[in-house]
Amino acid sequence: MTKAKARSKSVKKKINRVVLKISGEGFGKPGGFGLDGDALKRIAEEIISVTKLGAQVAVVVGGGNFLRGASVATQLGIQEASAHYMGMLATVINALALQDRLEAMGQQTRVQSSISITSACETFIRRRCIRHLEKGRVVILAAGTGRPYVTTDTAAALASVEIGADLLIKATNVDGVYTADPKKDSSAKFLESLSYNEVIDRRLKVMDVSAVDMCQRHGVPIAVFSLLTRGNMRKAVQGRLIGTRIHH
Ligand code: UDP
């Protein structure tokens, strides 16, 4: 048996509650603006494959397929804080699209936003979120932390700690963490397992430092892999080591 096979077979603790962080770019065509129906469907299928196993899923959505606060502020010559609020509102668009796609496929959902938008979705309430999860609903968490100058990575780490997730999955468009960008550098090496400190000290571009630090302090393991490979999420929830694992 190859090392890779042995690794993918190594069954660890089953995951009961998971937070899935999907960046805005995951909702669109690669490098494109806005939403893409096929991408939405693929994400929805992956999520449903996990709820069918009985796992509870909260999804934190990014908004980079529409805009990112810091760059938009410079482009438009507007206040950075305002641009960050615009970025948070962009995540709500992705959340509502994902909600409808999941429901069209028979999966019950709720969207909870950290910025109150009461006619479109619920406002985030921790205990209510947990109750929805216990009832088998996928909870889509929108508007990041509700405060400017941070990103949805930090929101995902915070949510994982707040709702007691067993695993934070960071979905990327490559199969894990590399020493350099494998699309640009052919000598980039795949990193199978990392400590939180290694990610921070080596400045590996996986998640914001604040997000990694939050997970470290509260012992939330992070799995980094691509949702483009079908079945990855199901395997991770079944306890297999998929992609790169960041842990103690
Ligand atoms: N944002 C924010 N506070 C948050 C989360 C997000 O101000 O708690 C803003 C920020 O401007 C960010 C944008 O929303 O650039 C979109 O989020 P993010 O960049 O995390 O999206 P992703 O890169 O995951 O698509």
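Counting convention: from 1, in listed order, for ligands and their atoms alike. Because the structure is predicted, anything quoted here is derived from the model rather than measured.
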Sidechain-backbone polar pair: Ser23 side chain, Glu25 backbone, donor-acceptor under 3.5 Å
no
If you have a sec, work out which protein heavy atom is nearest atom 13 (C) of ligand 1 and how many Å separate them, to one decimal?
Gly87 CA, 3.7 Å
Proximity winner for atom 2 (C) of ligand 1, if only heavy atoms of Val61, Thr145, Val150 are counted:
Val150
Using only atom types and a distance under 3.5 Å, with no angle test, would you say the side chain of Glu103 pairs donor to acceptor with the backbone of Thr109?
yes
Strictly distance-based, threshold 3.5 Å: is any side-chain N or O of Ser113 a donor or acceptor partner for the main-chain N or O of Ala143?
no
Taking Ser210's backbone N and O only, do any of them form a donor-acceptor pair with Asp208's side chain (distance below 3.5 Å, no angle check)?
no
Under 4.0 Å from a heavy atom of Ser23: which atoms of ligand 1 are those, numbered in the order shown and with their elements?
24 (O), 25 (O)
For atom 7 (O) of ligand 1, find the nearest protein heavy atom and state the residue, atom name and distance (0.1 Å precision).
His84 CB, 3.1 Å
Gly24 N/O to ligand 1 N/O under 3.5 Å
yes
Quick check against the 3.5 Å criterion: does Ser116 have a side-chain atom that pairs as donor or acceptor with the backbone of Thr118?
no
I'd like to check which ligand 1 atoms, numbered from 1 as shown, lie under 4.0 Å from a non-hydrogen atom of Lys21.
24 (O)
For Ala155, state whether at least one heavy atom is located under 4.0 Å from any atom of ligand 1.
no
Short version for Tyr85: what comes under 4.0 Å of ligand 1, heavy atoms counted, is neither
Suppose we measure from atom 3 (N) of ligand 1 to each protein heavy atom; which comes out shortest, and what is that distance?
Arg147 O, 2.7 Å
Same cluster (ILVMFWY, side-chain, under 4.5 Å), Val206 and Val18
no
Among protein heavy atoms, which sits nearest to atom 19 (O) of ligand 1, and what does the distance come to when rounded to 0.1 Å?
Arg68 NE, 3.5 Å
Considering only protein heavy atoms, which is closest to atom 21 (O) of ligand 1, and at what distance to one decimal place?
Gly63 N, 3.1 Å
Checking Arg17 side chain against Ile163 main chain: does a donor-acceptor pair fall under 3.5 Å?
yes
Compare Val60, Leu67, Asn65, Thr151 and give the one whose heavy atom is closest to atom 16 (C) of ligand 1.
Leu67
Just by distance, do the side chain of Asn94 and the backbone of Gly24 share a donor-acceptor pair under 3.5 Å?
no
Do the side chain of Thr91 and the main chain of Gly87 share a donor and acceptor less than 3.5 angstrom apart?
no
Compute the shortest N/O to N/O distance between Thr152 and ligand 1 and return yes if it is under 3.5 Å, no if not.
yes
Does ligand 1 have any atom sitting under 4.0 Å from a heavy atom of Phe66?
no
Please answer whether the main-chain N or O of Gly231 pairs with a side-chain N or O of Glu46 as donor and acceptor at a distance below 3.5 Å.
yes
Considering heavy atoms of the protein only, find what lies nearest to atom 15 (O) of ligand 1 and give residue, atom and distance to 0.1 Å.
Gly69 N, 3.2 Å
